[in-house]
Structure formats: C-alpha cells, structure tokens
Engineer: 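Pasting in a structure now, in structure tokens, and then I'll have a few things to ask.
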Amino acid sequence: MGIQFLRGNPQAPRGHAIFIARSRSNSRIVYSTYCLVPPIPMSIAKYLPPLFAAQIPSEELQGAENIAGMPIPPMLEEGMSLEQLEELAERRSDDLCDIGSTSSEEVERMQMATMCSQEYAQLYANYISQAAQPTRKPAEAAIPEATPAGELDAEELLLQTLSERQKLAEVGKLVGMARYALEGQDKALLQDTQRRIERLARLLPDKYRGSEIVKAAISPTERGAKLAELYLSRAYKLLDEEYAEIPGIENAIRELKE
C-alpha cells in the first residue's frame, strides 16, 4: 500500500527499482535509493567468518538467512532531481516507485527504505510464485464466485485499520502523487489520486481539515502546493500535540489564502 508505481507494473515488478520520497517539510527535496531483489536466494550468515558469526546473536543470524529486498544505499539519500531519476529509470528499465514523504531524520529515512524494500520484495515474490504456476486451460478454469452485494470494499477495510499517523502518511504520499500528476499533466493519474485522497480524508477527524488538503493537493497553482504542505505540517503538529507551533502555520495559511 505504501508503494506507488510511477513506472513499471505492480503486478509484475522487475525485481529492481528506484525508490523516491519527498521531504515532508519541503516537497521540492527528493530522496532516493535503489532496491534490488536478488534473483538467486542468498544468506549473509553463510559468508560470515566463524569468529564473527559466534559474536552475533542467533536471532540476528536467523534474520540474515534469507535476503529479500536490499536498499542500496541503505538510507534514502538527497542529491538527484525527480527528472534525473525518471530518466535513469527509463534508461535502465528499472521500476520507479514513489514511497511517499519522509523527514530529514536519518533513522526515519533508513527505516522507510528498509520497510519499502521488504514490501517491494513481497510483490516480486508473489509475481514469481504466480508465474511459476501452470496455466490452466480455459475449459478447466473455475467459474469465479459472485461477490456478495453486501461485502465491504477490501481497500476501505484496510484503510479503516490504519492509525491516524498512518492515514496522514498515506495522505502525504498521495499529495506528492497529485503534484507529480499535475506537473506531468497526467489527467488520469490525477483523477485516480484525487479519489484516493478524498477517501482517506473522509476517514480522518475534522480537525485535520482533510477536505482542505485535497483542494490544495489538486490545485494546479504553486500556492496549492504550498498550502498542501502547510496543511500537512499543521496536521502532524496536532497529532504530536505541538500546539505552540500551530498559530504560526495558521498565519502562513491565511496569508496564502488572501
């Protein structure tokens, strides 16, 4: 759920992808790393000298048995523009994935790179597993069962299980996606992103002003980008109960609206 494919197919990931994430405080800053899923299973523990292996707790050694997605470098790094990364992905035939927004804190950027690499690796593993299954003849294909009319939407159920912080993080990712769609004049992507932000905004308490975030996110003006950034910053300050910093953000919002 945290990965949005800007290039490539989430149903058939290539096994190598460029991850991008925008700064939560400044949407113009782009962080990136490269995720690689080894085509051949490998274990780091196998290559550790016995002397070193004896000093590592068994729990950690067990975690190193099967390496899945590896972020290289292990932390999202600043240094390349979105245009450069798009061109690089095109030339190398890499997947290009937007993994949302993050802070400048190194720990958070490292954790985000690791978690999204694991998610990407799972998508790749699912694809490989399905591709390995024999294709059934049309005559033998099972007739799909009808979906009960009263069955709740799976995505809606998943969104409802998220915490407020997770919902805000998803909104931040979608705001970045909306700005990307506006810059590329991709109407289809913008419409789909707007629908998803509105869906999330309805699940947030009114104090976060979800509807205002949506309006700002899809506004084609530079002011809209700044407003979306301010509304998100205000939402996180409310969530973290940093109330002393909210008046300054409110003043900045009013000045932009005037």
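Positions are given from 1 along the sequence. Note that the coordinates shown come from a computational prediction; the quantities given were computed from them, not determined experimentally.
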Engineer: Testing the basics here: between L182 and L190, what is the closest heavy-atom pair and its distance to 0.1 Å?
Structural biologist: CD2-CD2, 3.6 Å
Engineer: Taking the six-membered ring of Y34 as reference, does the cationic atom of R92 (NZ for Lys, CZ for Arg) lie under 6.0 Å from its centre and within 45° of its axis?
Structural biologist: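 Judged by the rule, R92 and Y34 form a cation-pi pair.
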Engineer: Hey, is the main chain of Q122 close enough, under 3.5 Å, to the side chain of N126 for a donor-acceptor pair?
Structural biologist: yes
Engineer: What I want to find out is whether K257 reaches E250 closely enough, with some N-O distance under 4.0 Å, to be called a salt bridge.
Structural biologist: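 Not counted as a salt bridge, because no side-chain N and carboxylate O are separated by less than 4.0 Å.
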Engineer: If you apply the rule side-chain contact (heavy atoms from CB on, under 4.5 Å), what do you find for I20 with Y31, and how did you get there?
Structural biologist: CA-CA 6 Å; I20 64 168; Y31 298 109; over 6 Å; no
Engineer: Could you tell me whether a side-chain N or O of Y120 sits under 3.5 Å from a main-chain N or O of H16, the two making a donor and an acceptor?
Structural biologist: yes
Engineer: For M177 and L189: C-alpha separation, side-chain torsions, deciding distance, then whether side-chain contact (heavy atoms from CB on, under 4.5 Å) applies.
Structural biologist: CA-CA 8 Å; M177 181 71 72; L189 177 60; 3.9 Å; yes
Engineer: Check the pair R109, M112 against side-chain contact (heavy atoms from CB on, under 4.5 Å), reporting the backbone distance first and the verdict last.
Structural biologist: CA-CA 5 Å; R109 285 189 281 144; M112 191 174 191; 5.8 Å; no
Engineer: Please test Q4 against R196 for side chain to side chain donor-acceptor pair (under 3.5 Å), starting from the C-alpha separation and ending with a verdict.
Structural biologist: CA-CA 12 Å; Q4 306 295 331; R196 296 172 65 189; 2.9 Å; yes
Engineer: Near K187 NZ, under 6.0 Å, is it more than 12 heavy atoms from other residues, nucleotides or ligands?
Structural biologist: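 Not more than 12 within 6.0 Å, no.
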Engineer: Do S101 side-chain atoms and R22 backbone N/O form a donor-acceptor pair below 3.5 Å?
Structural biologist: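 Answer holds: no.
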Engineer: Can you establish whether the number of heavy atoms outside E222 located under 6.0 Å from its atom CD is more than 12?
Structural biologist: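 Atom CD in E222 is crowded, with more than 12 foreign heavy atoms closer than 6.0 Å.
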Engineer: Nearest 0.5 angstrom please: L200 CG to K173 NZ, how far?
Structural biologist: 10.5 Å
Engineer: Taking atom CZ of R234 and atom NZ of K207, what is their separation to the nearest 0.5 Å?
Structural biologist: 9.5 Å
Engineer: Should L204 and I253 be counted in the same cluster of Ile, Leu, Val, Met, Phe, Trp and Tyr side chains packed under 4.5 Å apart?
Structural biologist: yes
Engineer: Testing the basics here: between S211 and A201, what is the closest heavy-atom pair and its distance to 0.1 Å?
Structural biologist: N-CB, 4.4 Å
Engineer: Does L230 belong to the same Ile/Leu/Val/Met/Phe/Trp/Tyr cluster as L174, with side-chain heavy atoms less than 4.5 Å apart forming each link?
Structural biologist: yes
Engineer: Can a salt bridge be assigned to the pair R223 and E229 using a cut-off of 4.0 Å between side-chain N and carboxylate O?
Structural biologist: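 No, no charged N to carboxylate O under 4.0 Å.
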Engineer: Considering only heavy atoms from C-beta outward, does the side chain of L238 approach that of Y243 to under 4.5 Å?
Structural biologist: yes
Engineer: Does a side chain donor of either R14 or Y127 reach within less than 3.5 Å of an acceptor in the other side chain?
Structural biologist: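 Side-chain D/A pair, R14 to Y127: absent.
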Engineer: Flag yes if I218 and Y231 sit in one hydrophobic cluster, no otherwise; membership is Ile, Leu, Val, Met, Phe, Trp, Tyr, and two members link when side-chain heavy atoms are under 4.5 Å apart.
Structural biologist: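 Unlinked, I218 and Y231 end up in two clusters.
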Engineer: For L96 and A89, which heavy atoms make the closest approach, and how far apart are they?
Structural biologist: CB-CB, 4.1 Å
Engineer: Any idea which heavy atoms bring A235 and L168 closest together, and the distance?
Structural biologist: CB-CD2, 3.8 Å
Engineer: Is a donor on one side and an acceptor on the other found under 3.5 Å between the side chain of S117 and the backbone of A113?
Structural biologist: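 Answer holds: yes.
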Engineer: What about I29 and M110, same hydrophobic cluster or not, with Ile/Leu/Val/Met/Phe/Trp/Tyr joined at side-chain heavy-atom distances under 4.5 Å?
Structural biologist: no
Engineer: What I want to check is whether the side chains of E198 and Q194 have a donor and an acceptor closer together than 3.5 Å.
Structural biologist: yes
Engineer: Any side-chain heavy atom of D94 within less than 4.5 Å of one from L88?
Structural biologist: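 No; the side chains remain at least 4.5 Å from each other.
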Engineer: Kindly indicate, with the supporting measurements, whether the criterion salt bridge (charged side-chain N to carboxylate O under 4.0 Å, His left out) is fulfilled by E87 and R91.
Structural biologist: CA-CA 6 Å; E87 184 178 354; R91 288 183 177 180; 2.6 Å; yes
Engineer: Do P71 and C35 have side chains that approach each other closer than 4.5 Å (heavy atoms only, starting at C-beta)?
Structural biologist: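 Not in contact.
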Engineer: Report, as yes or no, whether the 6.0 Å neighbourhood of atom CG on D206 holds more than 12 heavy atoms from other residues, nucleotides or ligands.
Structural biologist: no
Engineer: Please walk me through it: do K167 and L203 pass side-chain contact (heavy atoms from CB on, under 4.5 Å)?
Structural biologist: CA-CA 8 Å; K167 288 173 184 173; L203 298 177; 4.1 Å; yes
Engineer: Under a single-linkage definition using a 4.5 Å side-chain heavy-atom cutoff for Ile, Leu, Val, Met, Phe, Trp and Tyr, are I246 and L256 assigned to the same hydrophobic cluster?
Structural biologist: yes
Engineer: Could you verify whether a donor N or O on one side chain and an acceptor N or O on the other, from Y180 and E86, lie under 3.5 Å apart?
Structural biologist: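 Yes, a side-chain donor-acceptor pair sits under 3.5 Å.
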Engineer: Let me confirm one number: the CG-CG distance from L6 to L85, rounded to the nearest 0.5 Å.
Structural biologist: 10.5 Å
Engineer: Kindly check if the number of other-residue, nucleotide or ligand heavy atoms within 6.0 Å of CD (E242) is above 12?
Structural biologist: yes
Engineer: Which atom names give the shortest non-hydrogen contact between A217 and V175, and what distance separates them?
Structural biologist: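 What the structure gives for the nearest pair is CB-CG2, 4.0 Å.
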Engineer: Specify the closest pair of heavy atoms between S233 and I249, including all atoms of both residues, with the distance to one decimal.
Structural biologist: OG-CD1, 3.5 Å
Engineer: How long is the span from the OG1 atom in T193 to the CZ atom in R179, to the nearest 0.5 Å?
Structural biologist: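 Between T193 OG1 and R179 CZ, I get 11.5 Å after rounding to 0.5 Å.
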Engineer: Rounded at 0.5 Å granularity, tell me how far CD in E119 sits from OG1 in T114.
Structural biologist: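 Rounded to the nearest 0.5 Å, the CD-OG1 separation comes out at 13.0 Å.
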Engineer: Once rounded to the nearest 0.5 Å, what's the spacing between atom OG of S23 and atom CD of E78?
Structural biologist: 8.0 Å
Engineer: Do R24's NZ or CZ and the ring of Y236 fall within the cation-pi criteria of under 6.0 Å and 45°?
Structural biologist: yes
Engineer: Evaluate side chain to side chain donor-acceptor pair (under 3.5 Å) for E255 paired with N251, printing each intermediate quantity in order.
Structural biologist: CA-CA 6 Å; E255 290 175 3; N251 289 336; over 6 Å; no
Engineer: If you define the side chain from C-beta out and look only at heavy atoms, does anything of E212 sit under 4.5 Å from K215?
Structural biologist: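 Yes; the side chains approach each other to less than 4.5 Å.
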Engineer: Given side chains that start at C-beta, do those of L76 and I99 come closer than 4.5 Å, heavy atoms only?
Structural biologist: yes
